[in-house]
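Here's the structure we're looking at; comments come further down.
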2 protein chains.
Amino acid sequence: MTDIVTIRGDLELLTRTEQLFSSVREEFVCAARDLETWSRPAARQVAGGRLRRGGTHRTRKLYSPSALADERGREHLGALADRGAQVRIAATALPHETIVVDRRCAILAGLPAPGGREYTLTTAPTLVGGVYALFEAAWESATDLDVFLRGEQPHLDAGSRTVLRALGSGATDETAARELGMSLRTYRRRVAELLAALDADSRFQAGMRAGELGLRG
Amino acid sequence: MTDIVTIRGDLELLTRTEQLFSSVREEFVCAARDLETWSRPAARQVAGGRLRRGGTHRTRKLYSPSALADERGREHLGALADRGAQVRIAATALPHETIVVDRRCAILAGLPAPGGREYTLTTAPTLVGGVYALFEAAWESATDLDVFLRGEQPHLDAGSRTVLRALGSGATDETAARELGMSLRTYRRRVAELLAALDADSRFQAGMRAGELGLRG
DNA sequence: GAACCCGTGGCAGCTTGCTGCCATCGGGGA
DNA sequence: TCCCCGATGGCAGCAAGCTGCCACGGGTTC
């Protein structure tokens, strides 16, 4: 069975994958240490084209933190996210490029070598399944790009901290307002201000952010 | 080059790996969904022997939470840890058995099939490297067995983690439910379960707890 | 097949949260 | 004094969230 193929050099990779990439049906996942491969002009065209064609498939990209090291990387990842890909950053070093298409075909990249970088393309269910499950595990525990990029700490005035404590206690607005000796309306105004300060769209999100930032009122 | 071999059935696997396993020099890593394969008597002998010979190598074992589902599993993992292996529990489903020896040889197991389960053994650096790096990423974010058993963190299943992420994204229930492909009712059920798991009285409180615990889905 | 269990989803009614609008109040400043 | 301003709070209407109830479908058990 010829379900394992070794590819030598980027050029061969491109010609071989062009057709594959345009036939993605459901899912395209990719784990990589950096943006080296696909940020090159020729490759970009292929990969970009695939995304732009706006299939209904899901695209997931998982990178090491080092992919964000330079401005170019951040830009590129931002652009990917804008085009609908889910982008996450893992806590550790990842392989040099690993791709799984529709859970039936995997591509793994090796190290640069004389005569061109080596790639392995396989459709063996055992291999693809194993790689996919490992990817899934790594993905599951990685951080969303936007969360990763946000690290700032908004400073909150005394009032907001009181409100924060009340919210953290789990009380309803009514109880909290009574305890703080203010009207329901004012309390909610405070809450809205707090959400704005934390740049949160929902109370849950605000709580999460507060927790992450170690704010405790 | 014959650096990829397909193995059919557990018997062949054992005969082939016996020699390999006793030649481990530096590291033996293993990711698996459950304890099926190696908890069988014959296999246990091989694996156990390897460990008992007390090489200087490091042994790392990564399992899905389901490996702890029954008492037998807990015992087995405890025994492994006692014999010096590092055991961790990942948050998500893992492949059906993936092994990497000394970073130079990988074994991936497929699903049970007529004629015996199929295994793939490879020494191709590209494959091994890719699998190893993915394992590393999954390992890095998994929880130590003892910590997991102590249960300071509420055990959230994959579903709860997805919901956690959705909530953390700030989406409304309606959009979140749609994105996750479930009904509004079910989504809210999940949210309610999550709140219960986090022992929270409000979404804000749940978010705060999740943030404090470093849960990110 | 029948009897069940479980997860799901629709519906309904209720609570809680959100916010625009306006009335009120208290404290400067012209 | 009068006016302005910002903060407050009541109200109303709407959006969002919560939960009990019941029905349906897919497994499992007997």
Side-chain angles (χ1 to χ4, degrees), chain A residues 26 58 136 140 154-211 215-217, chain B residues 33-34 36 64-66 68-70 72 91-93 111-112 154-211 215 217:
Chain A
E26 300 188 348
R58 188 180 175 208
E136 198 62 62
E140 208 50 52
H155 77 70
L156 308 174
D157 58 21
S160 295
R161 289 170 173 274
T162 327
V163 175
L164 193 62
R165 216 174 306 126
L167 279 168
S169 80
T172 66
D173 288 8
E174 199 153 69
T175 336
R178 219 179 313 117
E179 267 170 21
L180 297 183
M182 62 178 79
S183 80
L184 194 60
R185 185 68 186 84
T186 308
Y187 177 76
R188 288 189 170 145
R189 249 198 271 267
R190 291 287 130 78
V191 173
E193 288 163 15
L194 183 66
L195 293 219
L198 290 170
D199 191 30
D201 291 332
S202 69
R203 290 195 177 200
F204 183 94
Q205 199 177 28
M208 198 151 157
R209 240 153 240 185
L215 303 174
R216 226 140 288 188
Chain B
R33 186 189 310 271
D34 49 46
E36 217 179 289
S64 303
S66 60
L68 291 165
D70 61 350
R72 224 182 80 255
T92 60
L111 294 171
H155 301 2
L156 303 180
D157 59 18
S160 296
R161 296 176 167 269
T162 326
V163 173
L164 193 61
R165 233 177 244 290
L167 280 168
S169 80
T172 66
D173 287 9
E174 201 156 67
T175 40
R178 217 178 316 118
E179 266 169 24
L180 298 183
M182 63 178 79
S183 79
L184 193 59
R185 184 71 186 83
T186 305
Y187 177 76
R188 289 192 169 142
R189 247 197 271 270
R190 290 287 133 75
V191 173
E193 287 162 16
L194 184 67
L195 294 218
L198 292 170
D199 191 31
D201 292 331
S202 69
R203 288 193 177 200
F204 184 93
Q205 200 177 27
M208 203 152 156
R209 296 250 154 96
L215 301 174

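Side-chain atoms of B/Arg188 lie closest to D/dG17 of the nucleotides D/dG17, C/dC18, D/dG9. When each of C/dT19, C/dC11, C/dT8 is scored by its nearest atom to the side-chain atoms of B/Arg185, the top-ranked nucleotide is C/dC11. For A/Ala192, the side-chain atoms get nearest to C/dT19 when compared with the rest of C/dC18, D/dA16, C/dT19.
The CD atom of B/Glu174 sits 15 Å away from the P atom of C/dG9 (whole-angstrom rounding). Atom pair B/Asp173:CG and C/dT15:P shows a separation of 19 Å (rounding to whole Å applied). For B/Glu193 and C/dC6, the CD to P distance is 14 Å, given to the nearest whole Å. Rounding to whole angstrom units, CG of residue B/Leu184 and P of D/dT19 are separated by 13 Å. Per the geometry, CD belonging to A/Gln205 stands 15 Å off P belonging to D/dA16, to the nearest Å. B/Asp201 has its CG atom 12 Å from the P atom of D/dC18, to the nearest Å. The separation between B/Phe204 atom CZ and C/dC18 atom P is 11 Å, rounded to whole Å. When the P atom of C/dG9 is taken as reference, atom CE of B/Met182 falls 8 Å away, rounded to whole Å.
OP1 or OP2 of D/dT8 lies within a sub-4.0 Å distance of a side-chain N or O belonging to A/Arg190. A close approach under 4.0 Å does occur between a side-chain nitrogen or oxygen of A/Thr186 and OP1 or OP2 of D/dG9.
In terms of heavy-atom proximity, A/Leu198 sits nearest to A/Ala206 at CD1-O, 3.7 Å.
For D/dG9, the base has a donor-acceptor partner in the side chain of A/Arg189 [N/O atoms by modelled type, under 3.5 angstrom].
Contact annotation: the side chain of B/Arg209 approaches that of B/Asp199 to within less than 4.5 Å [non-hydrogen atoms, C-beta and beyond].
At least one donor-acceptor pair under 3.5 Å links the side chain of A/Gln205 to the backbone N or O of B/Gly168.
Distance check, rounded to the nearest 0.5 Å: CG of B/Leu167 to CG of B/Asp173 gives 7.0 Å.
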(message) The test is side chain to side chain contact (heavy atoms under 4.5 Å, CB included); show your working for B/Tyr187 and B/Thr175 and say whether it passes.
(response) CA-CA 10 Å; B/Tyr187 177 76; B/Thr175 40; over 6 Å; no
